[in-house]
K.L.:
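Handing you a structure now.
We name chains A, B, ... by the order of the sequence lines, and we start the count at 1 in each one.
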Protein chains: 2
Amino acid sequence: MAAPRRPTLADVAREVGVSAKTVSRVLNEDGPSSPETRERVLAAVARLGFQPNLMARNIRVGGSDTTVGLVVPDLGNPFFGTVAGGIEDTVRDRGLTLLMGSSADDPAREHALTRTFLARRVSILMIVPSVGADHSSLRTQRSAGLPVVFLDRPGARLATDSVVSSNRSGAYEGVTHLIAHGHRRIGFLGDLPVKLYTRRERLAGYRSALADAGLPLDRALLANAHDEAAAAGATRRLLGLAAPPTALFAGNNMLALGVAAELARLGRKDVALVTFDDVPLAEVLEPPLTVVAQNPAELGKAAAATALRRLDGDRSRARTVTVPTRLIPRGSGEIPGPARTR
Amino acid sequence: MAAPRRPTLADVAREVGVSAKTVSRVLNEDGPSSPETRERVLAAVARLGFQPNLMARNIRVGGSDTTVGLVVPDLGNPFFGTVAGGIEDTVRDRGLTLLMGSSADDPAREHALTRTFLARRVSILMIVPSVGADHSSLRTQRSAGLPVVFLDRPGARLATDSVVSSNRSGAYEGVTHLIAHGHRRIGFLGDLPVKLYTRRERLAGYRSALADAGLPLDRALLANAHDEAAAAGATRRLLGLAAPPTALFAGNNMLALGVAAELARLGRKDVALVTFDDVPLAEVLEPPLTVVAQNPAELGKAAAATALRRLDGDRSRARTVTVPTRLIPRGSGEIPGPARTR
DNA sequence: TTGTAAGCGTTATCAC
DNA sequence: GTGATAACGCTTACAA
């Protein structure tokens with residue numbers, strides 16, 4: 001059973017007895033066509049099961065593929081999945097499809113994926129940049145008209161559009177919330193690596209919240225972790241200090257899980273906690289988790305909208321869109337601190 | 001600033017003073033080439049920033065695109081994201097890229113996506129089938145050699161490879177676990193629609209666990225929900241029955257969240273709970289959540305491995321791979337029932 | 001209303 | 001070793 005070659009436009013044309021161009025016209029509702037040939041063409045298309053080859057079409061028509069190339073650190077992280085969903089929702093009726101790959105936050109893998117996407121001639125390129133990645137090589141593409149958008153974090157050495165969360169003010173709001181409830185020693189659990197944009201921004205928010213409240217910055221209260229287990233360990237360490245914090249601020253959803261789990265294991269319901277990023281079951285924890293929620297779907301939508309405008313010819317200078325975060329008080333952040341309980 | 005056309009093979013050839021074919025040969029390490037021209041070609045490629053056009057290449061070389069088309073119900077659901085990650089890991093070094101789209105469990109959207117993927121000439125097609133979708137139209141493609149794999153659920157009217165979790169035996173194990181702890185009235189919360197494969201299979205497991213234990217099936221204990229809120233409502237309803245269940249079995253991760261949240265709100269720590277699918281923070285709940293965990297990454301890997309074998313010429317008959325689930329007892333499933341406490 | 005010729009950027013074939 | 005030419009499947013430009 002030899003695989004029968006897929007039917008082409010020419011096959012349909014031969015079947016009907018017209019030229020390929022006529023078939024093309026009918027299918028794309030391009031120029032005029034007599035109702036009769038139209039009907040015969042459509043019949044033949046159905047009979048043969050013909051499906052136009054999009055690659056061939058794209059290569060002829062514009063040169064670029066009708067896809068959005070998206071590089072994320074991790075496909076399994078629902079944050080990025082939701083971002084992707086927001087992008088898809090926005091570009092779907094422009095006929096664009098999502099081409100996705102994960103970088104594992106490795107600049108080399110990110111670069112390889114980017115190259116593949118460029119080789120595929122994606123219509124839009126979106127990247128959640130890895131720490132240490134250099135994006136200067138995209139400059140040519142960008143000035144040649146390819147919309148490039150950085151997501152969640154700005155890229156390096158390339159002036160282009162970015163869409164990020166209000167990391168700094170969100171963290172500021174979360175920490176200020178803790179201060180308002182009487183806490184004066186607040187532990188900060190940050191992402192790794194320490195150069196990571198989101199970590200730096202959130203830490204900056206933490207610092208200015210302390211400063212604005214006239215509280216000193218105690219470096220002993222700063223900790224780092226890049227996974228749940230490490231976050232749990234860091235939590236233990238912080239709480240074991242001679243002068244321990246009475247509240248904690250966790251820098252992302254992964255860390256939130258680790259910290260919340262460790263507090264539960266330790267039975268420390270007296271320690272206040274606010275986390276950056278919402279997590280499932282946050283309301284069910286005891287106490288329910290107070291969070292600074294991001295809006296990943298909106299992040300994706302904003303990025304897609306920006307890119308589509310570029311595609312439509314917007315040549316204005318690079319913009320950074322900031323998607324607001326939202327403090328959701330649920331209980332863990334309202335546990336009173338010494339300045340209140342006293 | 002007119003967008004400078006992207007350099008092509010011909011541009012490189014002209015720059016070097018050789019033919020296009022020679023450049024192609026060098027780049028693909030096809031036929032022989034003198035070290036000298038080789039060097040000059042590579043230099044020109046670098047200088048011009050030339051990147052071969054994969055669309056053009058694919059159209060010429062094999063006709064099919066080096067992509068895996070993947071249709072999932074929801075990009076934001078980490079279950080499917082993790083599945084996608086497993087696929088990517090497996091196909092990456094074959095040079096395949098992931099083309100993804102979400103169906104929202106709508107057969108029409110699933111079909112549209114599938115058509116797009118076919119038009120793009122994907123090398124492999126993977127689908128998490130929506131309820132009510134008909135896949136008979138893929139028969140031609142499949143017999144023409146396109147690997148088609150159904151994920152998580154089998155497709156309809158098409159004999160092809162599928163990769164699913166051990167839904168039935170997993171549910172059986174979870175429910176048996178509850179029975180072993182003394183429960184005789186166990187509520188079942190299922191997915192919607194009721195025709196959904198995973199729901200039917202898990203319900204079958206529930207039923208046979210009861211049957212094997214000599215327990216009667218009480219239809220009043222069966223409930224349906226398709227989101228967290230509905231699951232919470234169904235939980236309330238079940239617990240409000242004249243003869244309420246002493247244990248609950250939740251049919252997926254979404255429902256697990258709803259049920260766990262509702263039990264917490266009601267303060268019902270006496271009701272045992274086992275859920276299908278693991279969820280984040282499961283260990284932190286009070287009591288920690290006992291689950292029947294699936295293995296989404298393995299699901300993706302198995303699907304990809306199967307498809308790659310097909311691509312390599314495996315023409316054996318359609319197979320169904322079952323990825324085992326695993327019961328993880330953490331506390332909520334070990335709450336004793338009347339037959340134990342009495 | 002329809003057809004012809006040319007071309008998109010690449011590779012296969014077969015010469016030289 | 002290298003190059004000319006045709007071809008992949010489609011659309012654009014122009015003619016009939």
K.L.:
At 10 degrees resolution, what angle do the end axes of the helix from C/dT1-D/dA16 to C/dC16-D/dG1 form when each is taken over five base pairs?
P.N.:
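Inter-axis angle at the ends, rounded: 40°.
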K.L.:
Tell me: CG of A/Asp65 to P of C/dT10, nearest whole Å?
P.N.:
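The distance from CG of A/Asp65 to P of C/dT10 comes to 14 Å, rounded to the nearest Å.
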K.L.:
Rounded to whole angstrom units, what separation is found between the CG atom of B/Asp11 and the C1' atom of C/dT10?
P.N.:
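Roughly 13 Å, once rounded to whole Å.
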K.L.:
Is the shortest side-chain N to carboxylate O distance from B/Arg317 to B/Asp161 below 4.0 Å?
P.N.:
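No salt bridge links B/Arg317 with B/Asp161.
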K.L.:
Can you tell me the distance, in whole Å, between the CG atom of B/Asn58 and the C1' atom of C/dC8?
P.N.:
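Computing the B/Asn58:CG to C/dC8:C1' distance gives 15 Å.
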K.L.:
Between B/Asn53 and A/Ile59, what is the shortest heavy-atom contact and its length?
P.N.:
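In this case the closest contact between B/Asn53 and A/Ile59 is ND2-CG1, 4.5 Å.
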K.L.:
Shortest non-hydrogen contact from B/Thr97 to A/Met100?
P.N.:
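Heavy-atom minimum between the residues: CG2-O, 4.2 Å.
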K.L.:
Sequence neighbours left out, what passes side chain to side chain donor-acceptor pair (under 3.5 Å) with B/Gln51? Give chain and number order.
P.N.:
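Testing B/Gln51 for side chain to side chain donor-acceptor pair (under 3.5 Å), a comparison that skips the adjacent residues, returns none.
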K.L.:
How does protein contact run along nucleotides 1-11 of chain D, one letter per nucleotide 5' to 3', with B for base contact, S for sugar-phosphate only, - for none, heavy atoms under 4.0 Å?
P.N.:
BBBB-BBBBBB
K.L.:
Ion pair present between B/Asp11 and B/Arg6, side-chain N to carboxylate O less than 4.0 angstrom?
P.N.:
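Here B/Asp11 does not pair with B/Arg6 in a salt bridge, since their nearest N and O are not under 4.0 Å apart.
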K.L.:
Are there more than 12 heavy atoms of other residues, nucleotides or ligands under 6.0 Å from atom CZ of A/Arg157?
P.N.:
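Result for CZ/A/Arg157: open.
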K.L.:
Are more than 12 heavy atoms from other residues, nucleotides or ligands located less than 6.0 Å from atom CZ of B/Arg115?
P.N.:
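At most 12 heavy atoms, drawn from other residues, nucleotides or ligands, come within 6.0 Å of this atom.
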K.L.:
Whether A/Asp65 and A/Arg57 form a salt bridge (side-chain N of Lys/Arg under 4.0 Å from carboxylate O of Asp/Glu) is what I want to check.
P.N.:
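No, A/Arg57 and A/Asp65 are not salt-bridged.
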